[in-house]
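Only a predicted model underlies this, so the values are computations on that prediction, with no experimental measurement involved.
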Amino acid sequence: MACENPFKSILKTLERPGGGEFGTYFSLPALGDSRIDRLPYSIRILLESAIRNCDEFQVKSKDVEKIIDWENTSPRQVEIPFKPARVLLQDFTGVPAVVDLACMRDAMNSLGGDPNKINPLVPVDLVIDHSVQVDVARSENAVQANMELEFHRNKERFGFLKWGSTAFHNMLVVPPGSGIVHQVNLEYLGRVVFNTNGLLYPDSVVGTDSHTTMIDGLGVAGWGVGGIEAEAAMLGQPMSMVLPGVVGFKLIGKLKDGVTATDLVLTVTQMLRKHGVVGKFVEFYGEGMSELSLADRATIANMSPEYGATMGFFPVDHVTLQYLKLTGRSEETVAMIESYLRANKMFVDYNEPQVERTYSSYLELDLKDVEPCISGPKRPHDRVPLKEMKADWHACLDNRVGFKGFAVAKESQGKVVEFTFHGTPAQLRHGDVVIAAITSCTNTSNPSVMLGAALVARKACELGLEVKPWIKTSLAPGSGVVTKYLQKSGLQTYLNQLGFNIVGYGCTTCIGNSGDIDESVASAITENDLVAAAVLSGNRNFEGRVHPLTRANYLASPPLVVAYALAGTVDIDFETEPIGEGKDGRKVYLRDIWPSNEEVATVVQSNVLPDMFMATYEAITKGNPMWNQLATPSSTLYAWDPTSTYIHDPPYFKSMTMSPPGLHGVKDAYCLLNFGDSITTDHISPAGSIHRDSPAARYLMERGVDRRDFNSYGSRRGNDEIMARGTFANIRLVNKFLKGEVGPKTIHIPSGEKLSVYDVAMRYKSEGHATIILAGAEYGSGSSRDWAAKGPMLLGVKAVIAKSFERIHRSNLVGMGIIPLCFKSGEDAETLGLTGHERYTINLPNSVSEIRPGQDITVEIDNGKSFVCTLRFDTEVELAYFDHGGILQYAIRNLIGGSH
């Protein structure tokens, strides 16, 4: 049971410099523990959260001690609970979260409780940004045209989210067309320090997109999680996490002239991938920090997923405070932030002597050693110095197929393909650029590289250079602020002249929303097996992600995106070869159009102003015409439309009563699927396009949805019927029942019939049979996905017996009421002689008081044999979830007034 916070004695009052007080806070110095002075700043944020939320049930005093003793405990991989200050959602993951809240309200209502009690318990910021498709480019009307198409495709989802924005307290919905979630978070949503009813504490955030880490550049601890963890945090539940090691990354010196923040981040990414930082925090420090603008820091923090770290953290210092003022945060707010962080030893003042902090390992980079570079052609950490690019490209053509190879025969490498583009003769070769996109929060939040790109465009236009008309050029700013400073500087005109018209505000080319390339270009590529290139200012370039027809994809700074668009090919040495011919027939080189750092700084200083940020974000609260015209009810309960194929009322609470169901085992269950090792969440969770022969396709066609309107599983995450049908629908699924055949099918054991996994699961359900899954090691590895746990629960899976589980997926299974069991060391289905054709009974004790986390449980088989497994409920909180039937049911009963 929860009790009073044992640390209330260290609550102190924070005085205002001019008299009065800001509020109270839990003071880390008041603990009087010298170990805290040596803790990395990122760990201090975890410590403060544990102290503030300590109730001896969800967060215990021993958890606080584990964090204080980080130097000794972190190498041991200990687990701690963490409660973030807020949750960040984007539309694809926001829809199922709001669906769950809506059906929780229905359940609360049917149980006689007050449905208005169902609201997020921590602030939720939901930014609609993942649906901008670059259908129209190189046009003055691109923004409006793409927005209209976006609303046409997503009207139902948008209407539902708009209802949620008014129905729930503590939830801010940022309308489509406002910007990319992470840039909006940086410029507007990030609090740095919260003041909630007079209690001050650091901002921290978990988000349902991996690049949530961008906010780490602002000194806010943030990282990406799966939907179930986000929903749990939203409902005030703790997340379980391994106390991470922290890599100290020292920066010294300053960048050379002509080197960009993008060059720096690609260098840092390569260094950290080589060092190995998976599951760790990276904390940046050193005298080089004063040379890095906040936007440069955010660029580095943004790419944490690409270098593998949980966070790339920049503690708050004077640069942070300057940025907060620039982006329109009030003087009063900034003063409160600085006072609190100084008082709680979370502020870095480089004018004072630095206390030596302890790190798990150390790296150092002299900024003067960074050189211009790009990354590719298939991975973000495959950095290529610009001066070596031509040679590297030819090596890629030669090399066998792989991350750095296309295996193009020598005699075909110089092939020239003639085609006609809108009546004009045209040519394509291997390495020719067909997509050039200034895109992605990684770079569009950085005025230096955006205005740098615009200066390149101006110089190119003045010299008479042009971009070939068949290259699909686009500019997708991460927020309206970018448009304001590009227009004020007068430089947007030159970007437009080269075809870099603004296409929309949101994630575009970087997440594969490139739209189609011209049919004549597409035919020339496919019919001649050309290795065409895309150059983008994004963070990911995995094969097939950017566009199906661009096999070579390079990440580059926005100025280099413009340069490669002008050159028309990646097969160029910018040092020795001209980028093109000017209007006077003179050869123009990259150095002729490249701005100096001083030129860029001057333009940034005179054109990036606080009132731009304030005006942009005031407009967000007013919405845009298309959003404002969406008609939505103002009801407390959502009026579900039974004909909708996007939003559906899930059955999680259909038979729920006020009394928890209690612990329940599994009797005579059939095995639905029999897996080996390394079944990932990609295998389990619905993802990508909906296959024409799948159960989900059948469901849509039965409801009159045309095949061309299927859309993706991602866009239909708010419909449990479709997501259940897409669970285990991966065409690469390897199920031992199929004896070597690969695909989303399984065997209905009583009849021996081979059917889709969904159809077999439904047959078992209709026959009244429970099911289990047998698996090998690392079950559920890969990125955390909520439907990898929700889907199996809807299919009727009651338990998963595996050699080992990925940590977060195991926790998600418990959250959805599924029992995770581990075979004993040295045992698995094979050594125990299990074929999966048996029936399984799992007996659990009758009450929570008779069970303890990690105890042994006997599994009985219908042939008279049995074996012992470890029950993987790892904490008392998880036991409570299971006792209630799942995390959502637990939350409802607690809100009604039920016990723990």
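- To the nearest 0.5 Å, atoms CG (L172) and CG (L189) are separated by 6.0 Å.
- Between Q889 and P660, the closest side-chain pair of non-hydrogen atoms is not below 4.5 Å.
- In terms of heavy atoms, V225 sits closest to A230 at CG2-N, 4.0 Å.
- One finds the CZ atom of F158 at 10.0 Å from the CZ atom of R153 (value rounded to the nearest 0.5 Å).
- Closest approach of K790 and P96 over heavy atoms only: NZ-CB, 4.2 Å.
- We find that R703 and E721 are not joined by a salt bridge, their nearest charged nitrogen and carboxylate oxygen being 4.0 Å or further apart.
- Using modelled atom types, no side-chain atom of D203 and backbone atom of V220 make a donor-acceptor pair closer than 3.5 Å.
- When each of K754, R698, K765 is tested with D759 by the rule salt bridge (Lys or Arg N to Asp or Glu O under 4.0 Å), just one qualifies, namely R698.
- A distance of 14.0 Å separates OG in S110 from CZ in R105, rounded to the nearest 0.5 Å.
- With hydrogens and angles ignored, the 3.5 Å screen pairs no side-chain donor or acceptor of N53 with any backbone N or O of F82.
- Under the 3.5 Å distance criterion, the side-chain polar atoms of Q183 are left unmatched by any main-chain donor or acceptor of I180.
- Ion pairing of K654 with D649 is present here, as a side-chain N (NZ or NE/NH1/NH2) and a carboxylate O approach within less than 4.0 Å.
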Verdict with supporting geometry, I684 and T727, side chain to side chain contact (heavy atoms under 4.5 Å, CB included): CA-CA 6 Å; I684 306 166; T727 302; 4.2 Å; yes
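- To the nearest 0.5 angstrom, L895 atom CG is 7.5 Å from L235 atom CG.
- Between F882 and F873, the two ring planes are tilted [angle within 30° to 60°].
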W787 and D720: CA distance, side-chain angles, deciding distance, side chain to side chain contact (heavy atoms under 4.5 Å, CB included) verdict: CA-CA 9 Å; W787 279 103; D720 59 285; 3.9 Å; yes
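- Taking 4.5 Å as the limit, some side-chain heavy atom of L88 sits within range of a side-chain heavy atom of H182.
- Of the possible polar contacts, none joining the K798 side chain to the A770 backbone as a donor-acceptor pair under 3.5 Å is found.
- The side-chain heavy atoms of P686 and I722, taken from C-beta on, include no pair separated by under 4.5 Å.
- Rounding to the nearest 0.5 Å places OH of Y188 at 9.5 Å from OG of S178.
- Donor-acceptor pairing under 3.5 Å is lacking for the side chains of N730 and H683.
- With respect to D883 and R893, no salt bridge is recorded, no charged nitrogen being found less than 4.0 Å from a carboxylate O.
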Check against side chain to side chain contact (heavy atoms under 4.5 Å, CB included), F728 and F675: CA-CA 12 Å; F728 297 114; F675 291 133; 3.8 Å; yes
Contacts under 3.5 angstrom, residues 160-168 side chains, donor-acceptor by atom type, not counting sequence neighbours:
from: K162; atom 1: NZ; to: W627; atom 2: O; distance (Å): 2.9
from: K162; atom 1: NZ; to: N628; atom 2: O; distance (Å): 3.3
from: K162; atom 1: NZ; to: L630; atom 2: O; distance (Å): 3.0
from: W163; atom 1: NE1; to: S635; atom 2: O; distance (Å): 2.9
from: S165; atom 1: OG; to: K162; atom 2: O; distance (Å): 2.6
from: T166; atom 1: OG1; to: W163; atom 2: O; distance (Å): 3.0

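- F737 is not listed as a side-chain neighbour of L673, based on a closest heavy-atom distance of 4.5 Å or more.
- Using a 4.5 Å cut-off on side-chain heavy atoms (C-beta onward), T616 and E187 make no contact.
- Here D55 does not pair with K83 in a salt bridge; the nearest charged N to carboxylate O distance is not below 4.0 Å.
- Looking at N109, its side chain never comes within 3.5 Å of a backbone N or O of P115 through a donor-acceptor pair.
- Between P750 and Y670 there is a side-chain heavy-atom pair separated by less than 4.5 Å.
- Between Y764 and H748, the ring-plane angle classifies as tilted under the 30° and 60° cut-offs.
- Looking at N154, its side chain does come within 3.5 Å of a backbone N or O of E150 through a donor-acceptor pair.
- R763 is linked by a salt bridge (charged side-chain N to carboxylate O under 4.0 Å, His left out) to E753, counting only residues two or more places apart in sequence or in another chain.
- To the nearest 0.5 Å, the span separating CD1 on I128 from CZ on R157 amounts to 8.0 Å.
- Taking each heavy atom of Y713 and A729 in turn, the nearest pair found is OH-CB, 4.4 Å.
- Of all the heavy atoms in H169 and N119, the pair that sits closest is N-OD1, 2.8 Å.
- Between N719 and R716, the side chains place no donor N or O within less than 3.5 Å of an acceptor N or O (distance only, hydrogens not considered).
- N711 and Y646 share a donor-acceptor pair across their side chains, judged by distance under 3.5 Å alone.
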Working for side chain to side chain contact (heavy atoms under 4.5 Å, CB included), residues F653 and D106: CA-CA 9 Å; F653 312 109; D106 291 343; over 6 Å; no
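- Q90 places a side-chain N or O within 3.5 Å of a backbone atom of T93 that can act as its donor or acceptor partner.
- The minimum heavy-atom distance linking L672 with T746 is given by the pair O-OG1, 2.7 Å.
- The backbone N or O of P84 lies less than 3.5 Å from no partner atom in the side chain of S204, so there is not a single donor-acceptor pair.
- Using a 4.0 Å cut-off between charged side-chain N and carboxylate O, D125 and R86 make a salt bridge.
- Between P81 and Q58, every side-chain heavy-atom pair lies at or beyond the 4.5 Å cut-off.
- Residues T771 and L795 share a closest heavy-atom pair of OG1-O, 4.4 Å.
- With salt bridges taken as basic N to acidic carboxylate O contacts below 4.0 Å, none links R717 and D786.
- With contacts defined as side-chain heavy-atom distances shorter than 4.5 Å, the pair V800/P820 does not qualify.
- No salt bridge links K622 with E618; every basic N to acidic carboxylate O contact stays at or beyond 4.0 Å.
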